[in-house]
Number of protein chains: 2
Amino acid sequence: MPRVSRARQQVAVTADLVILTIRSGELCVLLVERGVPPFAGRLALPGGFLRGGESLEETAARELREETGIAADELHLEQVGTYSAPDRDPRDPRVITCAFLAIAPDLPLPAAGSDARAASWTPVAEARETGLAFDHDAILRDAVRAAGRKLQFTTIATAFCGAEFTIGDLRAVYEAVWEVELDKPNFHRKVTDADGFVIPTGGRRSSANGRPAALYRAGPAESLVPPMMWSRNARS
Amino acid sequence: MPRVSRARQQVAVTADLVILTIRSGELCVLLVERGVPPFAGRLALPGGFLRGGESLEETAARELREETGIAADELHLEQVGTYSAPDRDPRDPRVITCAFLAIAPDLPLPAAGSDARAASWTPVAEARETGLAFDHDAILRDAVRAAGRKLQFTTIATAFCGAEFTIGDLRAVYEAVWEVELDKPNFHRKVTDADGFVIPTGGRRSSANGRPAALYRAGPAESLVPPMMWSRNARS
DNA sequence: CAAATAGTGTCTGTAAGACAGTATGCC
DNA sequence: GGCATACTGTCTTACAGACACTATTTG
């Protein structure tokens with residue numbers, strides 16, 4: 001009896017979402033507590049099954065809306081990878097998943113999910129310690145790496161911020177995702193010099209102490225030239 | 001009657017392979033002629049259905065072996081993306097595919113596929129003109145882009161070459177995938193200076209004309225620092 | 001005033017790109 | 001020698017990173 005049957009196998013497919021944001025300088029991910037087996041009571045990435053007539057992108061967009069109330073066209077949604085180890089989900093029929101990365105500003109809070117599941121922002125460091133259901137630890141790790149790579153070459157960092165933000169806010173994004181400290185003066189110059197990355201609004205924002213920071217909004221550029229390099233420390 | 005049913009849908013899943021190589025300076029992809037509907041007689045990427053007990057990576061490795069005789073651990077195999085548009089495959093049950101990128105040296109020729117399908121290397125430019133079955137045009141485009149990005153930051157270019165190669169061979173890889181011309185002297189210095197990219201074997205190879213080029217083999221480094229940038233022309 | 005954060009100026013090392021010039025093969 | 005290809009040297013410009021310094025706020 002061969003372990004690998006020659007028959008083509010039909011499977012159920014889910015789209016799982018890694019929705020990242022920055023809350024008070026910390027990288028956070030939206031997690032839900034599973035209400036039903038398998039892994040009932042454990043934390044997991046939000047997600048759901050592919051339905052007839054849908055592409056996986058549409059499934060992901062629908063889940064995003066159901067879990068957070070955000071329309072998918074308001075933020076980036078991109079594939080991270082497909083996870084298909086035969087033992088990744090104990091259910092039968094077999095379940096494979098396509099993971100999507102979404103980047104969101106600090107939201108008012110996922111309004112008590114219409115899906116009735118308890119959804120909440122969890123620091124990524126904490127999620128890694130606790131451990132997630134299924135193979136979601138690996139998915140989260142891959143998604144954070146993908147986000148880190150995108151920060152290098154695109155202006156996606158502004159998607160982590162609200163409509164108006166300071167250069168310090170933007171630097172906090174890079175520092176949280178890359179887990180490094182960046183030189184403030186050099187970062188400031190690089191960002192403000194890059195063509196179409198940020199546009200000054202003229203406003204300023206006071207904090208408790210110190211000189212108020214100038215406010216910016218996202219510029220029209222999508223790719224960031226020259227890239228923001230952190231390859232010296234090349235992990236991934 | 002909603003277009004999107006609320007029922008979770010079971011689907012069949014394939015792994016499709018984009019196997020790239022360089023033949024006389026031209027980027028080529030391994031294509032098969034389909035013997036059965038849908039798209040019978042049309043060119044398509046090699047691939048096959050996920051079987052019970054297999055991950056998609058294992059499916060891809062098995063198809064690679066069946067189509068080319070190459071063992072998967074001899075070359076890179078990595079996910080490009082999953083394609084799931086509802087109308088991408090007319091068959092029922094519905095079929096979605098996970099595309100993999102493989103990079104191969106110029107092989108002796110895919111030994112008359114054990115799968116009995118006519119497999120052959122086709123220049124990518126030609127494949128784009130002719131058009132492929134299913135959504136394989138989009139998959140091919142995405143895979144070539146992914147390969148181009150990998151060339152920037154990894155030493156994967158050596159995987160396109162045989163065990164021994166000249167710097168000119170290596171440069172041809174970059175020029176074919178990126179569709180640019182690179183400065184020969186600068187490329188030479190950059191590659192030979194990069195730590196662990198290439199190692200001189202001491203041998204030389206004569207061509208018809210001119211000074212024989214020194215031979216190299218792949219070095220131990222996997223990531224390329226500093227990266228080989230072509231971001232000035234940033235397409236993708 | 002001190003403390004704190006925002007932002008600018010300047011210097012140094014490294015690397016990219018342009019391209020002149022040298023080396024070494026075949027006819 | 002002529003020609004083609006491989007390779008080296010050198011110059012210019014651009015950018016990363018370090019860090020001294022100035023600016024503007026609160027207390």
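Just so it is clear: chains get the letters A, B, ... in the order the sequence lines come, proteins before strands, and each one is counted from 1.
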Using the six-membered ring wherever Trp is involved, compare the ring planes of Y216(A) and H188(A) and label them parallel, tilted or perpendicular (cut-offs 30° and 60°). perpendicular

Qualifying residues under salt bridge (charged side-chain N to carboxylate O under 4.0 Å, His left out), relative to D135(B), sequence neighbours excluded: R88(B)

L224(B) CG to dA15(C) P, straight-line distance once rounded to whole Å: 12 Å

For atom CG of D193(A) and atom C1' of dG7(C), their distance in whole Å: 12 Å

For R171(B) and dA6(D), give me the distance from atom CZ to atom C1', rounded to whole Å. 10 Å

Within this structure, what is the NZ-to-P distance between K184(B) and dA4(D), rounded to whole angstrom? 11 Å

D142(B): partners by salt bridge (charged side-chain N to carboxylate O under 4.0 Å, His left out), with sequence neighbours left out: none

I need the CG-P distance between L182(B) and dA6(D), as an integer number of Å. 14 Å

How would you list, by chain and number, every residue that makes a side chain to side chain contact (heavy atoms under 4.5 Å, CB included) with E175(A), sequence neighbours excluded? R171(A), E181(A), L182(A)

Starting from P on dA14(D), measure out to CE on M229(B) and report it in whole angstrom. 16 Å

Under 4.0 Å from OP1 or OP2 of dA6(C): is there any side-chain N or O of H188(A) that close? no

Set of salt bridge (charged side-chain N to carboxylate O under 4.0 Å, His left out) partners for R204(B), sequence neighbours left out: none

Rounded to the Å, how far apart are E181(B) CD and dC19(C) C1'? 15 Å

Tell me every residue that passes salt bridge (charged side-chain N to carboxylate O under 4.0 Å, His left out) with E57(B), counting only those two or more places apart in sequence or in another chain. none

Treating primed atoms plus P, OP1 and OP2 as sugar-phosphate and everything else as base, which nucleotides of nucleotides 18-27 of chain D get B, S or - for protein heavy atoms under 4.0 Å? BBB--BBBS-

